[in-house]
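What follows is one structure encoded as structure tokens, with my remarks underneath.
Side-chain atoms are counted along with the backbone in the values below, which use heavy atoms only and exclude waters and symmetry mates.
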Amino acid sequence: PSSTSITSGTTGGTIPTTIGLLTSVTSFTISSDVSGTIPTQIGHLTQLTYLYFFATPSLSGTLPTEICALTALTRLHFVSTPLLTGPIPSEIGRLTLMKKMLF
């Protein structure tokens with residue numbers, strides 16, 4: 001299993017669309033200096049079991065429906081992400097292995 005973490009002060013900028021190339025990653029944590037929106041390519045991370053956005057006050061937009069394609073996901077956390085707006089996609093019900101979801 002592979003884990004990737006993007007943390008405070010080391011990256012800045014936006015989440016690149018090339019995130020979709022990390023198809024073998026099982027755990028992904030993004031925190032601090034990230035801004036912009038969550039790219040739809042995140043839906044390509046089909047091995048992902050844990051997705052955690054923490055203290056990303058500049059992350060904005062809506063939760064992309066493509067997150068609902070992450071059927072291996074057991075944990076989905078959005079903590080301190082005040083600029084995310086809109087409804088949770090109805091397709092979230094596809095995530096049948098989900099154990100914990102926090103918004």
Side-chain angles (χ1 to χ4, degrees):
S2 180
S3 177
T4 299
S5 180
I6 298 174
T7 56
S8 67
T10 58
T11 56
T14 60
I15 302 169
T17 58
T18 53
I19 191 173
L21 299 175
L22 303 174
T23 56
S24 63
V25 170
T26 59
S27 178
F28 202 88
T29 302
I30 299 173
S31 66
S32 204
D33 297 335
V34 179
S35 61
T37 60
I38 301 169
T40 58
Q41 291 81 355
I42 202 160
H44 295 228
L45 307 180
T46 56
Q47 301 299 309
L48 206 60
T49 59
Y50 184 83
L51 181 57
Y52 188 39
F53 291 88
F54 176 74
T56 51
S58 298
L59 192 64
S60 61
T62 60
L63 186 64
T65 303
E66 288 77 7
I67 281 184
C68 303
L70 305 176
T71 56
L73 210 57
T74 61
R75 301 225 187 306
L76 177 62
H77 295 183
F78 288 90
V79 179
S80 299
T81 54
L83 296 181
L84 283 180
T85 59
I88 296 171
S90 60
E91 295 86 353
I92 204 88
R94 294 181 192 159
L95 305 179
T96 58
L97 299 177
M98 186 65 64
K99 294 179 181 172
K100 187 173 184 181
M101 190 180 313
L102 179 62
F103 289 92

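Heavy-atom minimum distance, A72 versus L97: CA-CD1, 4.1 Å. In plain terms, the two heavy atoms of C68 and R94 that are nearest each other are O-CB, 3.8 Å. Scanning all heavy atoms of the two residues, the minimum distance from P82 to P57 falls at CD-CA, 3.8 Å. Heavy-atom minimum distance, G20 versus H44: O-CB, 3.4 Å. Among all heavy-atom pairs drawn from G43 and A69, the shortest one is O-CB, 4.1 Å.
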In sequence, state the C-alpha distance, the side-chain angles, and the governing distance for F53 and I15, and then conclude on side-chain contact (heavy atoms from CB on, under 4.5 Å).
CA-CA 11 Å; F53 291 88; I15 302 169; 3.9 Å; yes
Start with the C-alpha distance between V79 and Y52, add both sets of side-chain angles, then the distance that settles side-chain contact (heavy atoms from CB on, under 4.5 Å), and finish with yes or no.
CA-CA 8 Å; V79 179; Y52 188 39; 3.9 Å; yes
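At distances below 3.5 Å, not a single donor-acceptor pair connects side-chain atoms of S31 with backbone N or O atoms of A55.
Linking ILVMFWY side-chain heavy atoms closer than 4.5 Å, directly or via other members, places F78 and Y50 in two distinct hydrophobic clusters. Hydrophobic clustering of Ile, Leu, Val, Met, Phe, Trp and Tyr side chains at less than 4.5 Å, counting indirect connections, unites M98 with I88. The hydrophobic clustering, which links ILVMFWY residues whose side-chain heavy atoms are closer than 4.5 Å, places I30 and L84 together. Put simply, I42 and M101 are part of the same group of oily side chains (I, L, V, M, F, W, Y) that touch within less than 4.5 Å, one to the next.
Rounded to the nearest 0.5 angstrom, T40 OG1 and I19 CD1 are separated by 10.5 Å. Once rounded to the nearest 0.5 Å, the distance linking CZ of R75 with CG of L51 reads 13.0 Å. Here the straight-line distance linking atom CG of L73 with atom CD of Q47 works out to 12.0 Å at 0.5 Å rounding. If you take OG1 on T14 and CD1 on I38, they are separated by 12.0 Å, rounding to the nearest 0.5 Å. With rounding to the nearest 0.5 angstrom, the OG1 atom of T23 is 7.5 Å from the CG atom of L21. For the atom pair CD1 of I67 and CG of L95, the computed distance is 9.0 Å after rounding to the nearest 0.5 Å.
At least one side-chain heavy atom of V25 sits under 4.5 Å from a side-chain heavy atom of L48. Side-chain contact between L76 and F103 is present, with at least one heavy-atom pair separated by less than 4.5 Å.
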